[in-house]
Every structure is written in C-alpha cells, then in structure tokens.
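Take a look at the structure set out below.
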Amino acid sequence: MIADRIYLVDSDVFITAKNLYYSFDICPGFWKSMIHHHNRGRVFSIDRVRSELLAGLKEDNLVRWVRVDLPTSFFFPVDTDAVVSAYIEIMVWIQRDRRYFDHAKAKFATGADGWLVAYSLVHGTTVVTNEQSAPQSRKEVKLPDVCDRFRVRRANTFAML
C-alpha cells in the first residue's frame, strides 16, 4: 500500500472476496486486515456502499460482518455540498454521453459507483474496484471508465493489498 493513499472500496471488492478467494471461513485475515487498515486511516468506503452491502440476506456472513464488526466510521457520508456537486457533474457527463444506452445511464444513477467517484474527486482518494474498464461499452457504465474520465486514481483489490 502506498503510504499516502487512502483507499475507497467498492461493494464488489467485498462481495467478490467473500464469494471467491477470501471467504470468512478460509481467510479471516483479509477481513481483519480491512479493519486494521481502516483503523490506521487508510481504508474506507461510503455510506452508499454500506447500503448496497446491507441489502443482502441478514444471515449472510458479509451482511453480518458489516453490521457487527465493521465500524460505522468505515463509511463516509456523501451528503456534503462538494461531493453532491461533483456527483452532479459526473451524472451530467453520463447523461450527455451518447455512447451509453438509456438503461445503462439509469442503472448507473441508482448505484454507489457515481458517488465513489464523486467522493474521490473531492477528497483525492483511490477507488478500489474489481470491475474492468470497457470504454466502448454501450450497455453498462463501468466504474473504471468514469474514474479515468474524471482523473480519479483507481486500483483493484490486489494492488490495494
């Protein structure tokens, strides 16, 4: 981890880790590490990601971890004037971009991704996502492509670790 970076984690990082390579039973160290690095002021997310994670089944390990183990300070609020202004700028760009189909624009507007970019744009954090860039995509607005458009640093899980 680069010492001066603060990482802002997307929900897909947690979901993929739980489902593929860092399940709670096999690799509890990953989950403890997230809290450890949060306590050192390096790893966070936003309240919109928390909402996405808590939308899962109550008995799911990830939902339980977010509710019980993860400090509420892990999730920054996005309702500041500066972040809202940045979010509006991002959404205006997406709405005006003729490349994306209307359903792709609508789907992007309902998720946390735009808020992650807006928060990072204002605060200089690095967005962590496992999504892959697809700049020619018309059916989906990809988080890495929005980061690139607004010159927000991004990394995947392994680069963050």
Are the side chain of [X] and the backbone N or O of [Y] linked by a donor-acceptor pair below 3.5 Å?
{"X": "Asn156", "Y": "Thr129", "answer": "no"}
{"X": "Glu52", "Y": "Ala112", "answer": "yes"}
{"X": "Ser45", "Y": "Val9", "answer": "yes"}
{"X": "Arg5", "Y": "Arg42", "answer": "no"}

side-chain contact (heavy atoms from CB on, under 4.5 Å) partners for Ser51, two or more places apart: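 By the side-chain contact (heavy atoms from CB on, under 4.5 Å) rule, Ser51 matches no residue at all.
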Matching residue for Tyr119 among Phe44, Tyr7, Phe76 - test: ring pair (Phe, Tyr, Trp, His ring centres under 6.0 Å):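 Between Tyr119 and the candidates, ring pair (Phe, Tyr, Trp, His ring centres under 6.0 Å) is satisfied uniquely by Phe76.
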Distance flag, aromatic centroids of Phe158 and Tyr21, threshold under 6.0 Å: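 Yes.
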Near-ring test Phe24/Trp31, centroid separation under 6.0 angstrom: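 Centroid separation for Trp31 and Phe24: below 6.0 Å.
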Once you round to the nearest 0.5 Å, how far does [atom1] of [X] lie from [atom2] of [Y]?
{"X": "Asp113", "Y": "Ser11", "atom1": "CG", "atom2": "OG", "result": "7.0 Å"}
{"X": "Asp97", "Y": "Arg138", "atom1": "CG", "atom2": "CZ", "result": "9.5 Å"}
{"X": "Asp145", "Y": "Gln136", "atom1": "CG", "atom2": "CD", "result": "9.0 Å"}
{"X": "Leu121", "Y": "Glu89", "atom1": "CG", "atom2": "CD", "result": "6.0 Å"}
{"X": "Leu53", "Y": "Arg67", "atom1": "CG", "atom2": "CZ", "result": "11.0 Å"}
{"X": "Asp79", "Y": "Arg48", "atom1": "CG", "atom2": "CZ", "result": "8.0 Å"}

Using side-chain heavy atoms (C-beta onward) and a distance below 4.5 Å, is [X] in contact with [Y]?
{"X": "Trp93", "Y": "Phe150", "value": "yes"}
{"X": "Asp69", "Y": "Arg64", "value": "no"}
{"X": "Leu8", "Y": "Val128", "value": "no"}
{"X": "Trp65", "Y": "Met34", "value": "yes"}

Identified side chain to side chain contact (heavy atoms under 4.5 Å, CB included) counterpart of Val63 within the set Val66, Asp60, Asn61: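 In the set Val66, Asp60, Asn61, the residue that makes a side chain to side chain contact (heavy atoms under 4.5 Å, CB included) with Val63 is Asp60.
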Might you point out which heavy atoms bring [X] and [Y] nearest each other, and give the distance in Å?
{"X": "His103", "Y": "Lys139", "result": "NE2-O, 3.7 Å"}
{"X": "Val152", "Y": "Thr125", "result": "CG1-O, 4.1 Å"}
{"X": "Pro71", "Y": "His38", "result": "CG-CD2, 3.9 Å"}
{"X": "Cys147", "Y": "Val117", "result": "SG-CG2, 3.9 Å"}
{"X": "Val127", "Y": "Ser120", "result": "CG2-OG, 3.3 Å"}
{"X": "Val78", "Y": "Val84", "result": "O-CG2, 3.8 Å"}

Would a hydrophobic clustering, with Ile, Leu, Val, Met, Phe, Trp and Tyr connected at side-chain separations under 4.5 Å, put [X] with [Y]?
{"X": "Leu57", "Y": "Val49", "value": "no"}
{"X": "Phe101", "Y": "Val146", "value": "no"}
{"X": "Ile15", "Y": "Leu20", "value": "yes"}
{"X": "Trp115", "Y": "Val92", "value": "yes"}

Step-by-step side chain to side chain contact (heavy atoms under 4.5 Å, CB included) determination, Thr16 to Thr157: CA-CA 10 Å; Thr16 303; Thr157 303; over 6 Å; no
Side chains of Arg40 and His36, donor plus acceptor under 3.5 Å: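 Yes.
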Asn39/Phe74 under side chain to side chain contact (heavy atoms under 4.5 Å, CB included): CA gap, chis, key distance, verdict: CA-CA 9 Å; Asn39 290 336; Phe74 191 90; over 6 Å; no
Tyr22 and Phe30 aromatic ring geometry - parallel, tilted or perpendicular at 30°/60° bounds: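 Parallel: the ring planes of Phe30 and Tyr22 meet at under 30°.
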Is the number of heavy atoms from other residues, nucleotides or ligands under 6.0 Å of [X] [atom1] greater than 12?
{"X": "Gln132", "atom1": "CD", "value": "no"}
{"X": "Asn19", "atom1": "CG", "value": "yes"}
{"X": "Lys105", "atom1": "NZ", "value": "yes"}

Salt-bridge present (Arg154, Asp148; N to O < 4.0 Å):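 Looking at Arg154 and Asp148, the cut-off is met.
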Residues Lys142, Glu140: salt bridge by 4.0 Å N-O rule: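 Yes.
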